[in-house]
There are 2 protein chains.
Amino acid sequence: MAVTKYEVRPGSYFDSVVLMQLQRSLVELPDIIDAGVVMATPANKDLLSASGLGVASSAGSDDLLIVVSAANDDVAESALTQVDELLARRRSSVTHEFRPRSLESAVEQLPSSRWVLISVPGRYAADVARTAIDLDRNVFLFSDNVPLDEELKLKNSARDKGLLVMGPDCGTAIINGIGLGFANRVGTGPIGLIGASGTGLQAIVSEIANLGSGITQAFGTGGRDLTGDIGAITTLQGLELLARDGDTKIIVIVSKPPEPKVAIEIMQAARKSGKPVVINFIGYSPPARRLGNLHFAVNLADAGQLAVDLINTLDTFNLGQDRDEAAKHTKDGYLRGLFSGGTLAYEAVTALRTYLSPLYSNVSVSGALPMQELFTSSGHTIIDLGEDDFTQGRLHPMMDNDLRIRRLLQEAKDPDVTIILLDVVLGEGAHINPVSELAPAIIEAVQISSRENRILEVVAIVIGTADDPQEIESQILELQKIGVVVFTDTIEAANYVGQRLTFVQSSKDELTSQEKFSSQFSGINVGLEIFYNSLIEQGAEAIHVDWRPPAGGNEKLMSLLAKMK
Amino acid sequence: MAVTKYEVRPGSYFDSVVLMQLQRSLVELPDIIDAGVVMATPANKDLLSASGLGVASSAGSDDLLIVVSAANDDVAESALTQVDELLARRRSSVTHEFRPRSLESAVEQLPSSRWVLISVPGRYAADVARTAIDLDRNVFLFSDNVPLDEELKLKNSARDKGLLVMGPDCGTAIINGIGLGFANRVGTGPIGLIGASGTGLQAIVSEIANLGSGITQAFGTGGRDLTGDIGAITTLQGLELLARDGDTKIIVIVSKPPEPKVAIEIMQAARKSGKPVVINFIGYSPPARRLGNLHFAVNLADAGQLAVDLINTLDTFNLGQDRDEAAKHTKDGYLRGLFSGGTLAYEAVTALRTYLSPLYSNVSVSGALPMQELFTSSGHTIIDLGEDDFTQGRLHPMMDNDLRIRRLLQEAKDPDVTIILLDVVLGEGAHINPVSELAPAIIEAVQISSRENRILEVVAIVIGTADDPQEIESQILELQKIGVVVFTDTIEAANYVGQRLTFVQSSKDELTSQEKFSSQFSGINVGLEIFYNSLIEQGAEAIHVDWRPPAGGNEKLMSLLAKMK
């Protein structure tokens with residue numbers, strides 16, 4: 001009959017590698033059935049129970065709980081008495097070398113270091129990160145359980161100094177070819193990545209490597225960067241760095257579900273990078289496979305494949321072309337979209353929100369603001385005139401053009417309006433010749449604006465088939481004859497309009513200093529020694545800080561721990 | 001100086017075509033500047049104001065408001081006195097013919113009719129639809145403003161009789177080549193469609209026609225069919241009809257943003273159809289471009305193109321193959337996924353929710369239920385072991401396999417578990433040889449289950465590159481040697497597991513009688529005469545009911561209206 005014995009060592013800091021190794025050493029002792037060495041959090045106590053190592057101990061989250069299950073009492077007791085010895089045994093296998101005890105002295109020892117890797121427990125992590133920023137170093141913050149307001153303060157102060165804070169809870173980054181945290185080995189290539197998802201970055205980087213390509217940088221941001229609270233500070237910094245980096249030809253952004261308004265902000269920033277950007281916002285519905293320079297992936301493998309596929313089209317895809325074309329033809333002023341088809345209006349909004357901000361609509365889509373006044377537009381606005389508000393006791397706008405014509409003339413009188421977007425839906429049930437009524441109104445609208453020395457452009461989406469009673473070809477021809485730009489696909493039309501109204505220019509703000517990332521990687525590690533070893537194995541210049549929590553704790557184990565390091 | 005005069009005709013029913021025509025006739029009178037003829041809802045009064053036709057009238061939603069703007073008082077007054085005459089004038093252009101006054105007599109007159117098209121005002125529509133169902137007819141319900149509980153009652157009673165209710169607020173359908181409501185003309189072909197979005201259906205059907213292909217049926221459902229309240233009654237009926245229809249080789253489903261749990265239900269039903277199904281849930285994030293027989297479109301044009309592309313692969317894509325293969329190798333029992341990578345777990349859930357229900361997870365994704373007990377699994381479960389609950393004071397499972405091995409053995413002891421899914425993430429920072437620890441545990445897990453005469457299958461996703469320190473090839477080989485099925489992409493692995501656990505059989509329930517849709521279209525129209533004319537022009541057998549609201553209203557205008565019809 002197995003017996004279970006346990007020991008509690010209250011209140012102190014323990015490196016989780018040490019805990020793992022102690023547990024393994026205990027299990028390897030003769031006649032020991034199982035062992036558990038954990039900080040006594042409620043979850044960890046449940047886990048012990050699930051493994052048949054449950055004990056009735058009142059130990060708490062700051063206490064170390066050591067449990068052994070053995071064939072009999074003596075074996076169990078004897079195992080527990082060996083704990084100190086087992087911890088000490090590891091000591092002999094560790095080479096002694098001089099290690100700084102503080103970040104400050106580490107920086108003096110390795111002045112070329114530009115990065116500090118932090119993997120100490122969450123409650124100490126923000127303080128260490130703050131010191132790193134004060135010392136003008138970029139931060140890779142692996143630690144989790146850092147409060148949100150601390151994250152915001154750290155990221156803001158880092159940005160002010162042109163520094164990056166990747167994390168907290170940042171699992172993965174690759175800087176100048178050196179992997180930080182969990183990172184796959186990948187060669188140099190034209191793809192730069194930004195990830196608010198550690199394994200997301202790993203899966204995409206692996207896909208890129210396995211497809212024979214490589215990367216410039218892979219910036220991690222931590223999982224909360226794309227929340228409204230943080231506002232994508234690190235993601236936007238990374239985007240700006242990659243946009244200005246001559247070696248980066250293609251950018252990939254991957255994130256766990258982002259806050260919709262933050263997603264929009266990133267898409268608009270990505271738009272202005274002028275480079276092809278592959279976006280994989282997990283759980284976020286992509287409006288198209290491609291919208292201008294934005295390419296939308298549906299999953300991680302797809303993102304890697306899209307990025308590599310884009311390399312092969314780089315020769316034909318003049319990087320500046322999209323931007324230059326758009327800039328050349330760009331116009332100021334507002335768009336007014338007057339739709340008869342609800343789903344077409346919806347599609348137009350999903351595409352246009354990646355270009356225009358703020359965008360108003362009576363269609364409810366994240367990224368669009370509700371119209372303030374239904375009968376008077378302001379700013380960029382997409383209106384679904386088939387909504388109940390407009391059709392009570394009235395024919396649907398596909399049948400009766402009256403309402404749309406009135407609104408068209410009303411919009412034309414607004415001096416800020418430069419583009420009007422209309423859908424024309426043909427087929428059974430619809431007006432038998434909608435263009436015969438819309439064309440004179442369009443001409444009148446253009447005249448209204450030209451009398452005031454404005455140029456009003458009208459763009460139309462015509463949906464229909466060659467067999468429809470309205471004769472689609474002549475409907476399109478009649479529109480083109482009076483200067484209307486005609487599309488047969490809403491997304492394409494929205495993409496055209498978006499590009500016309502989006503002025504793209506290279507960012508000139510030195511948000512983050514490029515120079516800091518151009519040199520060879522050199523870093524300081526604070527926390528898990530595993531990560532220091534990893535840096536050295538990768539050939540990086542690195543130094544490990546013999547860090548210990550500022551406040552006391554269990555003196556006995558602390559001194560043991562100190563000997564082990 | 002223009003003057004505005006108005007007249008109110010209180011409380012009655014007016015066909016909106018009549019209102020439109022009266023307004024046009026008034027505008028065409030000499031010296032009339034503008035006119036408005038609307039039911040005096042608040043929105044319509046705002047619209048009049050926006051057109052410069054605002055009047056201070058207390059008329060309400062049930063009242064007709066006639067407004068004219070003219071050069072002077074006399075012209076305006078004279079126009080208003082001509083209203084009755086203008087209404088009467090149209091009479092002469094309408095040919096007289098015998099028309100039934102009720103649906104009952106229409107059915108007697110056209111016993112072959114299988115459909116009733118209803119476009120009367122919302123408050124009368126449910127009653128008419130109920131009568132149609134009582135008369136054993138399918139319903140196309142164009143009317144909007146039908147209460148939700150009425151919709152549910154109508155759809156339930158229709159389904160019980162093997163009938164369809166498309167709508168309310170159904171804009172578009174094409175039945176046996178005849179367009180109902182707004183519909184584009186398209187030839188016959190192998191694609192069957194279901195749409196909870198009228199213009200969505202129109203755009204996809206047009207795309208299909210313009211790409212040279214055609215359709216079997218296009219069922220509309222009304223925009224609320226995919227809400228939790230209605231539970232996709234019509235969509236599921238349509239899916240079942242198309243699944244059993246020999247002429248339909250490919251199915252397309254389009255919908256405005258569906259309620260997540262309803263989306264899952266439809267995807268699982270689509271899965272069981274055994275046919276390629278193109279899904280375009282607008283605003284819903286697709287887990288992949290393809291998952292088994294499900295193909296995910298990102299927008300309307302994409303949906304049409306995907307469907308037509310699939311035709312070209314039909315020869316090589318044996319329709320029964322996927323289903324037969326899956327059925328042949330299908331196994332009962334539950335899946336347990338034990339993940340170290342959070343985003344990989346997330347991707348697995350997004351894919352597996354289209355196969356398995358209920359699916360539990362500690363990853364928050366719509367379509368997955370939260371785990372009831374974190375330390376004991378039940379049913380199909382995907383666990384992210386990298387979540388905070390599992391990593392407090394403990395190394396991440398990518399570094400330390402202990403927790404995962406314990407859980408693996410725990411799951412193996414559960415007699416209902418037949419598949420275990422693991423990720424193995426390689427690279428810097430990760431365990432230097434994870435398979436050396438996982439393999440013995442996997443062997444032990446398989447032995448545990450085989451001792452109880454069960455066959456436990458283990459599936460692994462290995463993420464990494466050829467240059468990673470763990471040597472990915474040997475990691476994969478070692479896993480394969482002990483019988484693990486290995487993938488390098490989460491979606492592919494989830495797809496495999498999903499197919500293994502999904503038993504597909506042809507539906508045998510006669511939810512909706514196929515026979516009712518196989519004959520030539522024959523229908524009865526109640527409401528807008530436009531739709532009757534459209535049916536006749538399309539060569540359909542049809543009859544128009546001279547419908548009037550059951551309760552009185554304005555007697556004078558009612559009698560005029562009657563003469564016009």
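Quick caveat, the model's predicted, so the values are computed rather than measured. Numbered from 1 within each chain, the chains take letters A, B, ... in sequence-line order.
- Annotation: side chain of T343(A) is in contact with side chain of K256(B) (closest heavy-atom distance under 4.5 Å).
- At a threshold of 4.5 Å between non-hydrogen side-chain atoms, the residues S285(B) and F281(A) do not count as touching.
- The main-chain N or O of R185(B) is found under 3.5 Å from a side-chain atom of D468(A) such that the two form a donor-acceptor pair.
- At least one donor-acceptor pair under 3.5 Å links the side chain of E347(B) to the backbone N or O of L300(A).
- Contact annotation for D489(A): only side-chain heavy atoms (C-beta onward) come within less than 4.5 Å of a heavy atom of chain B.
- Contact check for N210(B) versus T465(A): side-chain heavy atoms found under the 4.5 Å cut-off.
- A heavy-atom distance below 4.5 Å is not found between the side chains of R406(A) and L47(B).
- Interface remark: P286(A) contributes backbone and side-chain atoms alike to the contact with chain B (heavy atom separation under 4.5 Å).
- Using a 4.5 Å cut-off between heavy atoms, N145(A) contacts chain B through its side chain alone, with no backbone atom that close.
- The shortest distance between side-chain heavy atoms of V298(B) and F296(A) does not fall below 4.5 Å.
- Of the atoms belonging to F182(A), heavy atoms from both backbone and side chain fall under 4.5 Å from chain B.
- For the pair D144(A) and T391(B), the minimum side-chain heavy-atom distance is below 4.5 Å.
- Remark: side-chain polar atoms of Q202(B) are paired, donor with acceptor, to backbone N or O of L426(A) under 3.5 angstrom.
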